[in-house]
Structure formats: C-alpha cells, structure tokens
Undergrad: 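Can you read through this structure? Questions will come right after.
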Amino acid sequence: MLRALDIRDILIIDRLELNFQPGLNVLTGETGAGKSILLDSLGFVLGWRGRADLVRQGAEQGEVLAEFDLTPDHPARAVLQEAGLPSDDTLILRRVNTAEGRKTAWVNDRRCSGEVLRALSECLVELHGQHDDRGLLNPRGHRDLLDAFGELEAPREVVRSAWRARAAAHKALAEAEAALEKVRGEEEFLRHAVAELDALAPQAGEEADLDARRRLMQQAERIREDIARASSTISDGAENATGEALRWLEGVADRAEGQLDAPIAALGRALAELDEASSGVTRCLEALSFNPLELEEAEERLFAIRAQARKHDVAPDDLAEFAERLRAQLAVLDQGDADLADLKKATQEADDAYEKSASALSKARAEAAKALDLAVMAELAPLKMERAVFATQIDTADPGESGTDTVTFTVATNPGAPAGPLGKIASGGELSRFLLALKVCLTEGQAGLTMIFDEIDRGVGGATADAVGRRLAQLAEEGQVLVVTHSPQVAARGAHHWRVEKRVEGEATLSTVTPLKSDARVDEIGRMLSGDKITPEARAAAEALMAG
C-alpha cells in the first residue's frame, strides 16, 4: 500500500508531501491543475518510461520519494531478494532527475537500476486509464491476464518446460542430421583414406627411425670398402709384421743383457692394441653389412609415410592419431542411422509431450475464460451495462512457450450487436465501465496492490457515474484505490479527498494539493456540481451525494 509521496521540483510542483490511507482516495481539481503531474511523478519513481522534461524550470534537479507498506508475504519482497536489496516492512523508493537528464534511483537507501524499479512497480501499483495501453487495451497482454485470473502458472510452466525440451530435441536431431550428411558427403574419401592408412599402419616416431636407418645404409655403401681394406692391412700387415719382429727380439733377448726388455714389452702392448682395433673394425664391418633390398624397403616405407603426411597435411608422427579420427568419423557414419532413429523417437516424444501439455493448458484457459466472462458480466450489471456482452475469445496460434492460444477480450455493447476488440467497439463511457469491471475481476485477491484509476469515469455521469463510484468504493474496501476524477458522484464516495490547485507566485506557476475535510469536501463536490460559484443548492446536493 502506498503510504506517502514526496515530490520536489517536478514540473510545476516545488514541494509536495502527500500521505495516503487505505480505502478510496480521490483527487479532484480543475483541468490543468496538475493531477496528471502527480501520476507522472509516481510513475517516475516507479521507473516507468514517461516524459523526459520533469525537472521544474530553474531547479538543478527533481526528486520523488514514495513510501510503501509491505506485508510479510508481499511479492515485492521476492523482487528485493533477487536484486540483493534490503527488505523491511517499509519500502522507500527514491529517484532523482537532474536538469541534464541524468537519472539515479535508490531502494531503501541502496542504489538500483530502473529495471529493478519497474519490477517492483509490477507488484506495487496498477495504473489504469482510458488511454492506458500497458494492459487491458493491449490484446498482446490478454493471454497473460487470463492466465493470472485462472491461476494457470503451474500448467503454463509445464508447457514452458515441454517447449524447451521440444526445442532441444529438434535441435539435437537437426545437428545430428547435418553432421551425418556432412560425413556421408565424405564417405568415399574416408573409406579410401582409412584403408590406405590401415595398410600403412604408421607409428609415432617411425619416420625419424626410418630416416636414420636409410642414411646409415646409404653411407655404408660408400665407406665399407675402405674399412675392409683397413681391416685387411691390420690383420695381414701390421699385426703379422709386429708379431714376427717380437719373435725375433725374444730369440736374442737373453744375450742382450736386458737391453731388449723394454722394446719387447712395448711390442706386446702394440699387438694387444692391434688385436682390439682389428676386432672393432670387424664389428663395424658386420654392422654395415645389410641386404640391399633392406635399403629399398626402408626408402619405400619412408616415402610412403611422408606422402601420406603431405596428402593429409599432418606431421608424419601424427598420422596414427589422424587415422584414428577418420575411423571415428566412419563409426559415426556406420552408427548414424541407429542414432538418428533414437533422436527421431525422442523428438516425437517431445512433440507429443508438448502437444499434451499445451492441450491441457488450452482446456484450462477455456474454463478460466468462462469464469472470467461470468465475473465481468456480473460486474457490468451494477455499472448500468446489463445489456452489454463481454466474451473472452480464444483462437489457435503458432506453438510457443506459452502454448497454442491467442486471447482477445471482446465486447458487444448491445445484444445482437457485433462483438469486437475492447478498445475499438466501446465508446468512451462504455469503455470506462468495461475496464473497471475487468480491473475488479483481474485484481481480485492481489494483496498489497495499490490500484490507481486515472479519470476512469470520463464520459459517464448521473446514475452511471454514481454506480462507478460505488463500485470503486467497494473495491477499495479490500485495499487501496486512488482515483483522479472530475465526477462529483465518484468524489462523493471517497474515504479521503485531496484538491489539486494551481497558483501563481510572481512569474512562477505552482501546483498544490490540499487534503479536504468535512465542509471543505462539501464545497469541492459542490464546485464540481455547479462550477465556480457554489450555491446552497449545490452544497445541499453535495451533502446528499456524500450521504447516499
């Protein structure tokens, strides 16, 4: 419930403090006195998009503060929690607009965005007038309004979940079909490439090993002849000559008085070294011995590996891994039909689940529409429209996350007259009463909601205006209603009354709002009945209206 509205330097308001009460609150005044400015100010602090030039001329900034009472289970608390803002029994919204157009907002003294303000406004205030296209006159919102009336959030959530599951199933199937189609386009290449790679069976590191063996075998052909000659020279030449010299010296050593001992020892060591050298050279010759076909085979395999690497634009060491990837793609192809069958089955099941839930929601909407039609018709009778017909029209729409229905509120002002959209068929006075009846039905049970009617009684008078006032008063018994009105019959039903006036101070025009009590209320309603001059008859008529 709206408790207070504090406005500073907004349009023609310099400073204004209003304290509202439960029940029916009425604001009256001459045309142009500033009643709409109050609503503009409230809309500004609630984050609604409106006029940009709000700051009073000559002021640096304009500011609006609104105070609301919150019950423990008020839906605004959930919005505050989601936004990480403090929640208490009192909710204070404050918004500032500088002369340059910069806007800043606070919730309970914490900075917040306009988006948070608008989310809060959805569960704090319902504003409606004849030219309001935010809700009742906009067919795009009628389905949501019907669902809210019928308390269909649970089946609607089932449809929403089924729609998402359906979309996910169709996406998975489409992606699988596209992937399979792509693989099928490459099937011939894949099978040929895998066959070649399987026949080759390359291993990581094999290319480097083959290259080293090939170079060694190529070099062996060039150096083996020289090594063999060296081996022959060591074995047949140096080793034999050294052995022969050692035998000659050993034969005469005992007659040389020890002079040959050192040379004989040296020759012995030389023979041992020659023997080791001969063995090493022999081993080298054995290592360099190979089948001439082996070089050819190594070269053929090395060239084949390198050719495959160039063909597929991968490193030779990556050929084995590349072959595994190609095999995996072939496996997808071979498994594709079975997978597609499973995905098609899952998609059909998702379609069926969506259609089932959407059909159940459609049936629930049809029942809710019947209940809403009856409720609105019951409201129209006391508003002097007992011959009018209200009907909720449900048509088939393209499937979506909200089901397969479109909803339009239609009216026929007289029996037998063609029905049509609410905003196009009803005249000004009729439209006001249709909207009031709808508003009463659609907001029933919304605890803590402040309803604001901006000249909802425009175009009606006499007994009809009195009926509108009485219904507003009844509606206000369950909460808080604010009405901007020019109708004395409606004003007379108010539990709390404010008069909006303009005054001129120097060269400035300012708007003021004055709470009215007893005699002042009688005078204001008398003015609304008779004009500028309040006659005794007008005052008596005002008292009669208030008493009735």
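The structure presented is a predicted model; accordingly, all values stated were derived computationally and were not measured. Reckoned from all heavy atoms, side chains included, excluding hydrogens, waters and symmetry mates. Position 1 is the first residue of the sequence, and the numbers go up from there.
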Undergrad: About how many Å separate CG of Leu5 and CG of Leu39, when rounded to the nearest 0.5 Å?
TA: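 Rounded to the nearest 0.5 Å, the CG-CG separation comes to 9.5 Å.
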Undergrad: Quick check: closest heavy atoms across Leu340 and Ala176, and the distance to 0.1 Å?
TA: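 Nearest heavy atoms, Leu340 then Ala176: CD2-CB, 4.0 Å.
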Undergrad: Using the side chain to side chain contact (heavy atoms under 4.5 Å, CB included) rule, take Arg110 and Leu80 through it: C-alpha gap first, then chi angles, then the decisive distance, then the call.
TA: CA-CA 11 Å; Arg110 291 273 296 275; Leu80 293 171; over 6 Å; no
Undergrad: Show every salt bridge (charged side-chain N to carboxylate O under 4.0 Å, His left out) that has at least one partner inside residues 15-26, sequence neighbours left out.
TA: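 For residues 15-26: Asp6-Arg15, Arg15-Glu17.
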Undergrad: Determine the minimum heavy-atom distance between Val64 and Val45, stating which atoms define it.
TA: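 Nearest heavy atoms, Val64 then Val45: O-CG2, 3.3 Å.
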Undergrad: Got a sec, which pairs hit salt bridge (charged side-chain N to carboxylate O under 4.0 Å, His left out) with one end in residues 379-390, sequence neighbours left out?
TA: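 Every pair satisfying salt bridge (charged side-chain N to carboxylate O under 4.0 Å, His left out) with a residue in residues 379-390: Glu379-Arg471.
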Undergrad: Between atom CE of Met528 and atom CD of Glu30, what is the distance when rounded to the nearest 0.5 Å?
TA: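 Reported value, rounded in 0.5 Å steps: 9.5 Å.
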Undergrad: So does Glu401 get a backbone contact from the side chain of Tyr354, meaning a donor-acceptor N/O pair under 3.5 Å?
TA: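 Checked: no pair found.
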Undergrad: May I have the step-by-step check of side chain to side chain contact (heavy atoms under 4.5 Å, CB included) for Val107 and Leu91, ending in yes or no?
TA: CA-CA 7 Å; Val107 172; Leu91 174 64; 3.6 Å; yes
Undergrad: Determine whether His170 and Asp351 satisfy the following criterion, side-chain hydrogen bond (donor to acceptor under 3.5 Å, both in side chains), listing intermediate values before the conclusion.
TA: CA-CA 9 Å; His170 278 269; Asp351 287 342; 2.8 Å; yes
Undergrad: Going by atom type alone, with no hydrogens or angles, which donor-acceptor pairs under 3.5 Å involve a side-chain atom of residues 495-502 and a protein atom two or more places apart or on another chain?
TA:
from, atom 1, to, atom 2, distance (Å)
His496, NE2, Pro22, O, 3.0
His497, ND1, Arg521, NE, 3.3
His497, NE2, Thr28, OG1, 2.9
Arg499, NE, Glu501, OE2, 3.2
Lys502, NZ, Gly32, O, 3.3

Undergrad: How long is the straight-line distance from CG of Leu173 back to CG of Leu343, given to the nearest 0.5 Å?
TA: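 Answer for the CG-CG pair, Leu343 versus Leu173, is 6.0 Å.
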Undergrad: Between CG of Leu38 and CD1 of Ile452, what distance do you get to the nearest 0.5 Å?
TA: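 Here the interatomic distance stands at 10.0 Å.
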Undergrad: Step through the shown structure and confirm whether more than 12 heavy atoms of other residues, nucleotides or ligands are within 6.0 Å of CD on Glu151.
TA: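 Open: at most 12 neighbouring heavy atoms sit under 6.0 Å from CD of Glu151.
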Undergrad: Any side-chain heavy atom of Thr410 within less than 4.5 Å of one from His142?
TA: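 No. Closest side-chain heavy atoms not under 4.5 Å.
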Undergrad: Write out all pairs satisfying side chain to side chain donor-acceptor pair (under 3.5 Å) with one or both partners inside residues 59-68, taking only residues at least two apart or from two chains.
TA: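 Every pair satisfying side chain to side chain donor-acceptor pair (under 3.5 Å) with a residue in residues 59-68: there are none.
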Undergrad: Flag yes if more than 12 heavy atoms outside Asp395 fall under 6.0 Å of its CG atom; otherwise flag no.
TA: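 Counting neighbours around CG of Asp395, more than 12 heavy atoms of other residues, nucleotides or ligands fall under 6.0 Å, so yes.
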Undergrad: Identify the two heavy atoms, one from Ile525 and one from Ala542, that lie closest to each other, and give their separation to 0.1 Å.
TA: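 In this case the closest contact between Ile525 and Ala542 is CG2-CB, 3.7 Å.
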Undergrad: In terms of heavy-atom contacts, does CD of Glu177 have more than 12 from other residues, nucleotides or ligands at under 6.0 Å?
TA: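 Check passes, neighbour count above 12.
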Undergrad: What are the two closest non-hydrogen atoms of Ala165 and Ala350, and how far apart are they?
TA: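 For Ala165 versus Ala350, the nearest heavy atoms are O-CB, 4.2 Å.
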Undergrad: Less than 4.0 angstrom from a charged side-chain N to a carboxylate O is my criterion; do Arg160 and Glu153 meet it?
TA: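 Yes, this pair counts.
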Undergrad: Does a side-chain heavy-atom distance below 4.5 Å link Leu124 with Leu70?
TA: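 They are in side-chain contact.
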Undergrad: Which distance, rounded to the nearest 0.5 Å, do you find between the CG of Leu374 and the SG of Cys441?
TA: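 Going from the CG atom of Leu374 to the SG atom of Cys441 covers 10.0 Å.
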Undergrad: Is it true that, when you exclude Glu157 itself, more than 12 heavy atoms of the residues, nucleotides or ligands shown sit nearer than 6.0 Å to its CD?
TA: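 Yes, enclosed.
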Undergrad: Any non-hydrogen side-chain atom of Trp106 less than 4.5 Å from a side-chain atom of Val96?
TA: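 They are in contact (side-chain heavy atoms under 4.5 Å apart), so the answer is yes.
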Undergrad: Would you check, one step at a time, whether the test salt bridge (charged side-chain N to carboxylate O under 4.0 Å, His left out) holds for Asp89 with Arg77?
TA: CA-CA 9 Å; Asp89 292 343; Arg77 293 183 184 270; 2.8 Å; yes
Undergrad: Would you call Arg470 and Asp466 a salt bridge, using N to O less than 4.0 angstrom?
TA: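 Judged by the 4.0 Å cut-off on N to carboxylate O distance, Arg470 and Asp466 do form a salt bridge.
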Undergrad: Working to the nearest 0.5 Å, report the span between CD1 of Ile37 and CD1 of Ile12.
TA: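 Here the rounded value is 4.0 Å.
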Undergrad: On a heavy-atom basis, which atom in Leu529 and which in Pro488 lie closest, and how many Å separate them?
TA: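 Leu529 and Pro488 have their closest heavy atoms at CD2-CG, 3.5 Å.
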Undergrad: For a 4.5 angstrom cut-off between non-hydrogen side-chain atoms, does Phe149 reach Thr392?
TA: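 In short, these two side chains do not touch, never coming nearer than 4.5 Å.
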Undergrad: With sequence neighbours excluded, tell me which residues meet salt bridge (Lys or Arg N to Asp or Glu O under 4.0 Å) with Asp9.
TA: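 With sequence neighbours excluded, Asp9 shows a salt bridge (Lys or Arg N to Asp or Glu O under 4.0 Å) to Arg56, given in chain and number order.
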Undergrad: With the side chain counted from C-beta on, respond yes when Glu543 and Met546 share a heavy-atom pair under 4.5 Å apart, and no when they do not.
TA: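 A side-chain contact under 4.5 Å is absent here.
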Undergrad: Do you know the tightest heavy-atom contact between Trp48 and Arg95?
TA: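 Scanning both residues completely, I find the closest heavy atoms to be O-NH1, 4.4 Å.
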Undergrad: Mark yes or no for whether Asn25, through its side chain, and Gly23, through its backbone, hold a donor-acceptor pair below 3.5 Å.
TA: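 The answer is yes, because a donor-acceptor pair under 3.5 Å joins these two groups.
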Undergrad: Ignoring hydrogens and geometry, is there a side-chain-to-backbone donor-acceptor pair from Thr408 to Pro139 under 3.5 Å?
TA: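 Not at all, since once roles are kept as given, no pair shorter than 3.5 Å links the two residues.
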Undergrad: Arg143 and Thr406: side-chain hydrogen bond (donor to acceptor under 3.5 Å, both in side chains), yes or no, with the steps?
TA: CA-CA 6 Å; Arg143 183 174 59 192; Thr406 60; over 6 Å; no
Undergrad: Would Leu27 and Val483 count as a side chain to side chain contact (heavy atoms under 4.5 Å, CB included) if you check the C-alpha gap in whole Å, the side-chain angles of each, and the deciding distance to 0.1 Å?
TA: CA-CA 6 Å; Leu27 293 95; Val483 178; over 6 Å; no
Undergrad: So do Leu11 and Leu54 actually touch side chain to side chain, heavy atoms under 4.5 Å?
TA: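 With C-beta onward as the side chain, the pair touches.
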Undergrad: Applying side-chain hydrogen bond (donor to acceptor under 3.5 Å, both in side chains) to Thr450 and Gln480, what does each step give before you reach the verdict?
TA: CA-CA 5 Å; Thr450 295; Gln480 184 185 50; 2.6 Å; yes
Undergrad: Parallel, tilted or perpendicular: which one describes the rings of Phe390 and Phe409, with boundaries at 30° and 60°?
TA: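 Phe390 and Phe409: tilted rings.
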Undergrad: Does atom CZ of Arg140 have more than 12 heavy-atom neighbours, drawn from other residues, nucleotides or ligands, at distances under 6.0 Å?
TA: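 Result for CZ/Arg140: open.
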Undergrad: Under a 4.5 Å cut-off applied to non-hydrogen side-chain atoms, are Phe68 and His74 in contact?
TA: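 Counting from C-beta outward, Phe68 and His74 never come under 4.5 Å.
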Undergrad: Taking only residues two or more places apart in sequence or in another chain, which ones pass side-chain hydrogen bond (donor to acceptor under 3.5 Å, both in side chains) with Asp405?
TA: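 Ser362, Arg365.
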Undergrad: Distance alone, cut at 3.5 Å: any donor-acceptor contact between the side chains of Asp73 and Thr71?
TA: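 Yes.
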Undergrad: Less than 4.5 Å apart, any side-chain heavy atom of Arg3 and any of Gln21?
TA: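 Yes. Closest side-chain heavy atoms under 4.5 Å.
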Undergrad: As a quick check of understanding, evaluate side chain to side chain contact (heavy atoms under 4.5 Å, CB included) for Leu93 and Leu46, giving each step before the final call.
TA: CA-CA 8 Å; Leu93 310 180; Leu46 289 170; 3.7 Å; yes
